Amino acid sequence: MIPKTFKEVIDLGDGREISIETGKLAKQAHGSVVVQSGNCMLLCTVVSNYKSADVDFLPLTVDYREKFAAAGRYPGGFFKREARPSDGEVLTMRLVDRVLRPLFPKDYHSETQVMIQLMSHDAEVMPDAMAGLAASAAIQLSDFPFECPISEVRVGRINGEFIINPSFSQLEESDIDMVIGASADSVMMVEGEMKEISEEEMTEAIKFAHEAIKVQCAAQVKLAEAFGKKETREYEPETEDEDLAKKIHDMAYDKVYAVAKAGSSKHERGAAFAEIKEEIVASFSEEEQEELGDLISKYYSKAEKAAVRDLTLNEGLRLDGRKTTDIRPIWCEVDYLPSTHGSSIFTRGETQALATVTLGTSREANQIDMPSFEGEERFYLHYNFPPFSTGEARPIRGTSRREVGHGNLAQRALKGMVPLDCPYTVRVVSEVLESNGSSSMATVCAGTMALMDAGVQMKKPVSGIAMGLITDTETGKYAVLSDILGDEDHLGDMDFKVTGTADGITACQMDIKVKGLSYEILVKALKQARDGRLHILGKLTETIAAPNADVKPHAPKMVTTIIPNEFIGALIGPGGKVIQELQKETNTTIVINEDPVTEEGIVEILGTDQAGIDKVLATIDALMFKPEVGNVYEVKVIKILDFGAVVEYTQAPGNEVLLHVSELAWERTENVTDVVNMGDVFEVKYFGIDPKTRKEKVSRKAILPKPEGYVARPPRDNSRDNRGGRDNRGRDNRGRDNRNRDNRNNDRKED
């Protein structure tokens with residue numbers, strides 16, 4: 001029997017719809033929904049253990065996977081099975097996690113899993129834009145303690161008009177690609193890339209997205225009510241002791257405030273805070289420490305957070321002594337690494353990034369193979385965050401989700417400034433060597449300088465800054481912080497990263513931890529971020545004002561040329577013999593791609609030696625050389641034969657033709673070497689295809705003056721009647737014909 005289903009439909013206002021259905025699939029999960037738009041279908045399930053884990057945080061796992069069967073495809077590779085998540089899947093997981101996590105109670109510590117799967121793919125629907133909606137809708141059908149429904153939408157802008165959840169094709173025309181996560185009341189997350197838009201335009205895009213999210217949140221509430229809203233489960237909350245909390249606050253607050261006001265370095269400040277905590281812990285007996293140890297640490301952290309926040313709100317001072325708008329000291333350097341194609345160091349305060357650039361052919365493009373997207377990236381950026389950058393020793397277990405996310409943000413910030421006609425595949429790698437706040441923005445700055453150092457002709461330099469926010473809801477006070485520290489990120493109410501050129505924003509990432517952030521504060525933060533970005537941009541351009549005119553001497557030079565489709569095979573040769581020998585001879589890398597529209601061959605030639613590149617180009621020109629009938633060309637003798645000389649066109653080495661002995665001179669030539677020898681250079685006239693021999697014909701004598709008194713030999717008559725003596729050798733006169741049958745018969749009679 002088919003189970004009863006419940007469904008809500010969301011109208012996107014332009015003929016498209018999103019439906020949310022429950023009751024048919026995965027009924028043993030604590031909540032499950034199928035979200036569909038067009039032929040795109042996502043299944044989301046949520047499960048949370050009823051027993052709390054022995055940890056002091058929420059062990060939430062958001063998992064997003066795209067099944068290849070959803071697009072009617074097989075997984076690539078040897079094993080035909082989906083394995084570790086791709087970077088694209090990891091980025092979607094982060095988008096959902098960042099909005100969900102703050103809405104669980106802080107003292108809820110049960111193992112919780114949100115699993116989202118792409119079950120059916122639609123080429124014109126981007127599934128990641130519906131993942132947040134699916135996750136929240138499934139949670140609304142569960143008994144989890146969760147504050148309120150949320151949703152996420154993608155917003156684009158085409159010809160000045162905003163659009164919700166644009167298709168792949170629409171996004172190509174859009175100058176904005178942003179994903180916004182919010183509840184009905186508050187914006188909580190923003191991430192995306194833009195084509196140098198203003199702060200006001202970005203705010204308008206967020207407002208437009210929020211209105212659509214309100215509709216999606218209301219649909220989730222209606223679905224939960226129709227399905228039967230479950231009672232929120234009971235769980236064991238954390239133990240609280242208000243008297244202990246007040247006691248520790250009184251013991252710690254003033255001391256922490258004084259250390260915070262001293263404006264010390266990260267390590268000095270950390271040591272001072274640790275000493276204060278140790279003094280407080282030591283004031284309790286061993287029995288109290290054993291019983292209340294976790295609460296003491298918890299309440300000390302609250303007191304420390306309150307003191308640091310109050311210092312900024314009351315006095316406008318920060319942990320390192322700066323005012324709210326101050327940027328830490330910056331120093332930069334380019335061309336630091338002698339063997340890389342481009343390199344730079346960007347250091348801001350206690351954050352340092354070393355960036356390198358590597359130039360290559362299309363063969364080095366980053367291949368993306370997902371059910372929802374197939375393609376390649378000719379510009380990509382990788383971000384590494386080793387533990388020593390924060391003075392820690394911990395295991396390295398592959399690339400973390402954080403590294404994927406920060407690298408993607410920096411890549412989106414820079415890629416729009418790499419010109420479309422850049423012939424290279426460009427890889428930027430950022431090694432974070434020190435970290436105390438906003439290493440992703442340091443990566444953007446270091447990446448900009450490394451690209452310019454490598455000779456990549458960037459349209460404009462890009463800088464980035466991380467902003468923070470501290471608010472007091474009771475007094476209404478707030479402070480927007482420029483260039484935040486790591487501690488300010490942890491203690492503040494907003495982490496807002498924005499990148500851009502002097503003319504506008506290119507990328508952003510924002511996580512808001514406070515409810516009901518006004519657009520007035522958001523605009524102020526954006527304006528203050530612009531001032532900070534321009535200050536940092538000035539430091540970058542002081543170090544390197546413009547891209548180097550050319551790549552470094554040891555870096556590969558790239559030349560691209562086009563050849564007709566008919567010559568591709570000849571350039572490659574049988575089994576690749578021609579192109580392989582040419583690469584070896586010239587010490588170059590040659591890549592041939594076929595234009596999907598014109599079907600012409602796009603030849604990329606990469607090499608450090610210009611002479612080698614020139615030789616490849618000359619070989620290609622020779623391959624495509626076509627002499628014209630009636631024209632005179634210079635040739636060189638490369639082989640002597642009994643019946644002529646093989647010559648090659650000097651303007652197209654390797655392009656050979658036979659010069660017959662009869663075309664060497666007007667006089668009769670007995671020996672070819674009487675007229676020409678190996679290595680001789682002279683001119684010949686091209687006559688095209690000889691109708692008799694069906695081969696190309698060239699002549700040396702045709703451009704020489706005829707000798708005085710020269711008489712041309714009469715043309716040979718090839719008719720059978722004029723063959724002279726040969727006519728007597730007819731069938732009737734052959735000796736064989738005299739031996740007729742009658743003679744043979746007479747011989748037999750005599751026998």
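The model shown is predicted, which means the values in this text are computed figures rather than measured ones.
- Classification of the Tyr383-His406 ring pair by plane angle, with boundaries at 30° and 60°, yields tilted.
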**Q.** Stepwise salt bridge (Lys or Arg N to Asp or Glu O under 4.0 Å) test for Arg412 and Asp177
**A.** CA-CA 10 Å; Arg412 300 176 87 175; Asp177 177 9; 3.4 Å; yes
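- Here the side chain of Gln170 pairs a donor or acceptor atom with the backbone of Ser167 at under 3.5 angstrom.
- Annotation for Lys557: atom NZ counts as buried by contact number, over 12 foreign heavy atoms lying within 6.0 Å.
- Closest approach of Pro556 to Tyr424, counting heavy atoms only: O-OH, 2.9 Å.
- Considering only heavy atoms from C-beta on, Asp453 stays 4.5 Å or farther from His341 through its side chain.
- A salt bridge is defined here as a Lys NZ or Arg NE, NH1 or NH2 lying under 4.0 Å from an Asp or Glu carboxylate O, and Arg269 with Asp487 meets this definition.
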Q | side chain to side chain contact (heavy atoms under 4.5 Å, CB included) assessment of His535 paired with Ile327 | A | CA-CA 8 Å; His535 170 77; Ile327 310 297; 3.7 Å; yes
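- One finds the CD1 atom of Ile536 at 12.0 Å from the OG1 atom of Thr541 (value rounded to the nearest 0.5 Å).
- Checking Gln367 against Glu377 by side-chain atom types alone, no donor-acceptor pair falls below 3.5 Å.
- Remark: side-chain polar atoms of Lys80 are paired, donor with acceptor, to backbone N or O of Pro75 under 3.5 angstrom.
- Taking both residues in full, the closest heavy atoms of Gly342 and Ala454 are given as CA-CB, 3.8 Å, listed atom of the first, atom of the second, then distance.
- Inter-residue side-chain proximity for Met624 and Ile563 is flagged as met; some heavy-atom pair is nearer than 4.5 Å.
- Atoms CD and CG, from Glu696 and Leu658 in turn, are 10.5 Å apart once rounded to the nearest 0.5 Å.
- A donor-acceptor contact shorter than 3.5 Å is absent between the side chain of Asp495 and the backbone of Asp511.
- Residues Arg378 and Glu364 are not paired through a salt bridge, judged by the lack of any N-O separation under 4.0 Å between the basic side chain and the carboxylate.
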(Q) Working note: Trp331 + Gln352, criterion side chain to side chain contact (heavy atoms under 4.5 Å, CB included); need CA distance, chi angles, decisive distance, verdict. (A) CA-CA 10 Å; Trp331 68 265; Gln352 184 177 76; 3.6 Å; yes
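- Of the possible polar contacts, one joining the Arg348 side chain to the Gly437 backbone as a donor-acceptor pair under 3.5 Å is found.
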Q) Glu594 and Ile602: side chain to side chain contact (heavy atoms under 4.5 Å, CB included), yes or no, with the steps? A) CA-CA 6 Å; Glu594 188 174 293; Ile602 303 172; over 6 Å; no
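- Using modelled atom types, one finds a donor on one side chain and an acceptor on the other under 3.5 Å when comparing Ser400 with Glu403.
- Here the CG atom belonging to Asp621 is positioned 10.5 Å from the CG atom belonging to Asp614, to the nearest 0.5 angstrom.
- With a 4.5 Å cut-off on side-chain heavy atoms, Pro564 and Glu600 do not count as touching.
- Taking 4.5 Å as the limit, every side-chain heavy atom of Thr506 sits out of range of all side-chain heavy atoms of Lys415.
- No option in Asn631, Val632, Val629, Val657 other than Val629 meets the side chain to side chain contact (heavy atoms under 4.5 Å, CB included) test with Tyr686.
- Between Met178 and Arg154, every side-chain heavy-atom pair lies at or beyond the 4.5 Å cut-off.
- Not less than 6.0 angstrom separates the ring centroid of Phe682 from the ring centroid of Tyr633.
- When the options Thr356, Thr443, Asn384 are evaluated for a side-chain hydrogen bond (donor to acceptor under 3.5 Å, both in side chains) with Glu431, the one that passes is Asn384.
- Side-chain N or O atoms of Glu66 include one that pairs as donor or acceptor with a backbone N or O of Ser372 at under 3.5 Å.
- Among all heavy-atom pairs drawn from Phe168 and Ala123, the shortest one is CD1-O, 2.9 Å.
- Under 4.0 Å is where a charged nitrogen must lie from a carboxylate oxygen, and between Lys460 and Asp503 at least one such pair does.
- By the 4.0 Å N-to-carboxylate-O rule, Arg328 lies too far from Glu350 to be salt-bridged with it.
- Across all non-hydrogen atoms, the minimal contact from Ala645 to Val676 is CB-CG2, 4.2 Å.
- Distance NE2/His267 to CG/Asn436: 8.5 Å, rounded to 0.5 Å.
- The side chain to side chain contact (heavy atoms under 4.5 Å, CB included) test with Ile613 is passed by exactly one of Leu617, Val616, Asp609: Leu617.
- In summary, Arg401 and Asp97 do not engage in a salt bridge, as defined by a charged side-chain N under 4.0 Å from a carboxylate O.
- In this structure, Met449 and Cys332 have side chains that are in contact, with non-hydrogen atoms separated by less than 4.5 Å.
- Put simply, the side chain of Gln457 never gets that close to the backbone of Asp550: no donor and acceptor are under 3.5 Å apart.
- Salt bridge present: Arg533 and Glu199 bring a charged side-chain N and a carboxylate O closer than 4.0 Å.
- With hydrogens and angles disregarded, a donor-acceptor distance shorter than 3.5 Å links the side chain of Ser389 to the backbone of Pro386.
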Q: Could you give me the CA-CA distance, side-chain angles and deciding distance for Asp320 and Lys266, then say whether salt bridge (Lys or Arg N to Asp or Glu O under 4.0 Å) is met?
A: CA-CA 8 Å; Asp320 57 357; Lys266 175 182 176 180; over 6 Å; no
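- Glu604 contributes a side-chain N or O that, together with a main-chain N or O of Ser362, makes up a donor-acceptor pair within less than 3.5 Å.
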Q: Could you walk me through whether Arg157 and Glu201 pass salt bridge (Lys or Arg N to Asp or Glu O under 4.0 Å), step by step?
A: CA-CA 10 Å; Arg157 186 175 67 173; Glu201 289 172 310; 3.1 Å; yes
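- Looking only at distances, a side-chain donor or acceptor of Ser343 sits under 3.5 Å from a matching main-chain atom of Leu337.
- No donor-acceptor pair closer than 3.5 Å links the side chain of Asn408 to the backbone N or O of Gly405.
- The residues Glu200 and Lys527 are annotated as salt-bridged, a charged nitrogen and a carboxylate oxygen being separated by less than 4.0 angstrom.
- No side-chain donor from either of Thr351 and Glu434 sits under 3.5 Å from a side-chain acceptor of the other.
- Residues Pro85 and Tyr64 form no side-chain contact, since every pair of their non-hydrogen atoms from C-beta on lies 4.5 Å or further apart.
- Taking the six-membered ring for Trp and the full ring otherwise, the centers of Tyr74 and Phe68 sit at least 6.0 Å from each other.
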Q: Check the pair Gln411, Tyr380 against side chain to side chain contact (heavy atoms under 4.5 Å, CB included), reporting the backbone distance first and the verdict last.
A: CA-CA 6 Å; Gln411 177 175 323; Tyr380 51 100; 3.7 Å; yes
**Q.** Verdict with reasoning, Thr588 to Gln583, per side chain to side chain donor-acceptor pair (under 3.5 Å)
**A.** CA-CA 5 Å; Thr588 59; Gln583 289 181 113; 5.8 Å; no
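- The shortest heavy-atom contact between Cys445 and Leu540 is CB-CD2, 3.9 Å.
- The pair Asp680-Lys636 does not count as a salt bridge, with every side-chain nitrogen at least 4.0 angstrom from each carboxylate oxygen.
- A 4.5 Å side-chain heavy-atom check between Arg94 and Gln509 finds at least one atom pair inside the cut-off.
- The two residues Ala446 and Ala353 come nearest to each other via the heavy atoms CB-O, 3.9 Å.
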